[in-house]
Amino acid sequence: NLKSENLKKITLPKSLTAVGQKTFRGCKQLSNVTMSDSVTTIAESAFNACTNLQSINFPKCLNLIGKKAFKSCNSLKEVKLYDSARTIETEAFAFCTSLEKITISDSVIYIGEGAFRYCKKLMTVILPKFLSEIKNGTFGDCVSLKSIKIPDGVTSIGVSAFSGCVSLMSITIPDSVTSMGYGVFDNCTSLVKIKIPNGVIGIGGFSGCKSLKEIILPESVTNVYDYAFHGCTNLTDIIIPDGVTSIGEHAFSNCKNLISVTIPDSVTSIGKDSFSGCDKLKNVMIPDSVTLIAEYAFSWCTNLTTITLSSNLKVITQNLFCGCKNLSEITIPESVQTIEYYAFYDCKSLKEIKIPERTYVEKWAFDKCTNLKKIYYRLGTGLVGNLRTGNNAEIIPYKNKRELSPLTEDTKTEDNVWKDAGNIQWRISKGVLTIRGTGDMDNQMYYKSKYPWCGKNYQKAIIEWKKAVDKISKE
């Protein structure tokens, strides 16, 4: 380590073939370096933090530039590499904040992670034609970079490779690319249009691309990753291709101008907050292939008026339609077993709703639904009190061929009356517990982990099922 506070200029001998690790690291006054063409290696951190280094001739025989070799050389403006160069390692030129121009010869076959990260004055780059991979964070936060062409032959673009390139308006991605990492173009706020090549399986990495108006997704895509297009406020429509099986968390959240979305029948799950805050989304059709829609998925879609749910949906999760103030009608599929708390919170335009026979409704599911006038339910739909919490709707039992006879004076007893408990009714009269109904009593119907008659005073139990009882649980 030849660190010196006063070293300003140095000419290296012709016999030298390598500049060793950390040789000139931290020589803050060093402004000019002359090397002979015999040098083949500039090792790790050789000129790291030489903040005044403005001029250096890169040798014609140079083969390797090591990790952090020129990191934080804040005054370096230009880099020109010759045909002997093969490798630029991790963060070799990272944080060279004055670097404006890079000439990389086609002989270079490897550029390491973060090699040019935060070169904030770098405007154009021509990548070598034999490069096969763009590593994680290679050009991250190059805020002046306006355009770049990725050469044919590149197969993968790493995590956050171009994230934070706020001036990047166009990029050409060749068909050879089959893999794109998380956050690859996050916060590229000037990017308007991009085409993803066929062969890419997972798509993501456009979060915060506020100018993005159009994106074409290939048929090869099977997964839309978490936060894929979060905050793309100018994106107006999206067609999710057939073959996609899952839509990740926050995938399209806060896409304020998204008007329409097409979800194919290959999708089986829609992640948490996936479309939350999509203010202009009006109509959505969920295909029957979907079995899970996670919590908050369509919350605060304030202009959503209608949505068709999958006939195979099991749960309407908590806060799923929270704040959907214009949602005026919805049909709950017979497949739904549970409507969780706050599922329809603040759905002010909802006027009536029908609860399927086997659906249990948790408390506050319809809280703040100020215009909800009628809730239709079949006898045995959980606690009637749960339906009332947070609204003033009239609770109306409706008839069907499987419904129990209504309660009348002559069905009451001196000790108790029939009470709802899941898909059954029960009462205790003269020391006899009687249970009747047409279906299962779900585990979720426990009251504080106990059945409602637990602890009551009775000596005998009568079960009046229309069909044979096939199971009585140990509880």
For this session: Step by step, work out the side-chain contact (heavy atoms from CB on, under 4.5 Å) result for Y345 and W364.
Result: CA-CA 8 Å; Y345 176 85; W364 309 107; over 6 Å; no

Are [X] and [Y] side-chain neighbours, meaning at least one heavy-atom pair lies under 4.5 Å?
| X | Y | value |
| --- | --- | --- |
| Y296 | T317 | no |
| F116 | V125 | no |
| I56 | F47 | yes |
| S349 | L327 | no |
| L350 | I330 | yes |
| T370 | K348 | yes |
| F344 | D367 | no |
| L122 | I102 | yes |

Can you tell me how far [atom2] of [Y] sits from [atom1] of [X], rounded to the nearest 0.5 angstrom?
| X | Y | atom1 | atom2 | answer |
| --- | --- | --- | --- | --- |
| M285 | I263 | CE | CD1 | 10.5 Å |
| T359 | Q337 | OG1 | CD | 8.0 Å |
| I65 | T90 | CD1 | OG1 | 13.0 Å |
| I10 | F24 | CD1 | CZ | 3.5 Å |
| I157 | S179 | CD1 | OG | 8.5 Å |
| I353 | C369 | CD1 | SG | 8.0 Å |

Problem set entry | The single option from Y225, F298, F275, Y227 passing ring-ring contact (aromatic ring centres under 6.0 Å, His included) against F252 |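 Of all the options given, the one that passes is F275.
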
Considering non-hydrogen atoms only, spot the tightest contact between [X] and [Y] and give its length.
| X | Y | result |
| --- | --- | --- |
| G20 | T23 | O-OG1, 2.6 Å |
| A85 | S107 | O-OG, 2.6 Å |
| T338 | V336 | O-CG1, 3.5 Å |
| S84 | P59 | OG-O, 4.4 Å |
| S105 | L81 | CB-O, 3.6 Å |
| N57 | V33 | OD1-O, 3.3 Å |

For this session: Considering only NZ, NE, NH1 and NH2 on the basic side and carboxylate oxygens on the acidic side, decide whether E352 and K354 come within less than 4.0 Å.
Result: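 Salt bridge between E352 and K354, a charged N being under 4.0 Å from a carboxylate O: no.
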
Exercise. Hey, is K325 close enough to D346 for a salt bridge, meaning N to O under 4.0 Å?
Worked result: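 Between D346 and K325 there is a salt bridge, with a charged N closer than 4.0 Å to a carboxylate O.
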
Exercise. How far apart are the C-alpha atoms of Y82 and F58, what are their side-chain angles, what is the distance that settles it, and do they pass the ring-ring contact (aromatic ring centres under 6.0 Å, His included) test?
Worked result: CA-CA 8 Å; Y82 295 93; F58 287 90; 8.7 Å; no

Can a donor-acceptor pair be found, under 3.5 Å and without considering hydrogens, that links the side chain of [X] to the backbone of [Y]?
| X | Y | answer |
| --- | --- | --- |
| N234 | K213 | no |
| S98 | L76 | no |
| S31 | K8 | yes |
| T268 | S289 | no |
| S176 | G153 | yes |
| S310 | N312 | yes |
| S207 | A228 | no |

I'd like to know whether [atom1] of [X] has more than 12 heavy-atom contacts from other residues, nucleotides or ligands below 6.0 angstrom.
| X | atom1 | result |
| --- | --- | --- |
| E78 | CD | yes |
| I201 | CD1 | no |
| K256 | NZ | yes |
| I239 | CD1 | no |

Distance-only donor-acceptor check, side chains [X] and [Y], under 3.5 Å:
| X | Y | value |
| --- | --- | --- |
| K71 | N48 | no |
| T305 | N326 | no |
| N283 | T306 | yes |

Problem set entry | Worked verdict on Q318 versus E295 for side-chain contact (heavy atoms from CB on, under 4.5 Å) | CA-CA 5 Å; Q318 59 177 308; E295 56 267 30; 3.6 Å; yes

Problem set entry | Residues L235, F206; criterion side-chain contact (heavy atoms from CB on, under 4.5 Å); working and verdict | CA-CA 11 Å; L235 192 64; F206 295 91; over 6 Å; no

Problem set entry | Cation-pi, Y341 ring and K363 (6.0 angstrom, 45 degrees) |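 K363 over Y341 ring: no.
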
Exercise. Would you call the rings of Y118 and F95 parallel, tilted or perpendicular if under 30° counts as parallel and over 60° as perpendicular?
Worked result: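 Rings of Y118 and F95: tilted, as their planes differ by 30° to 60°.
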
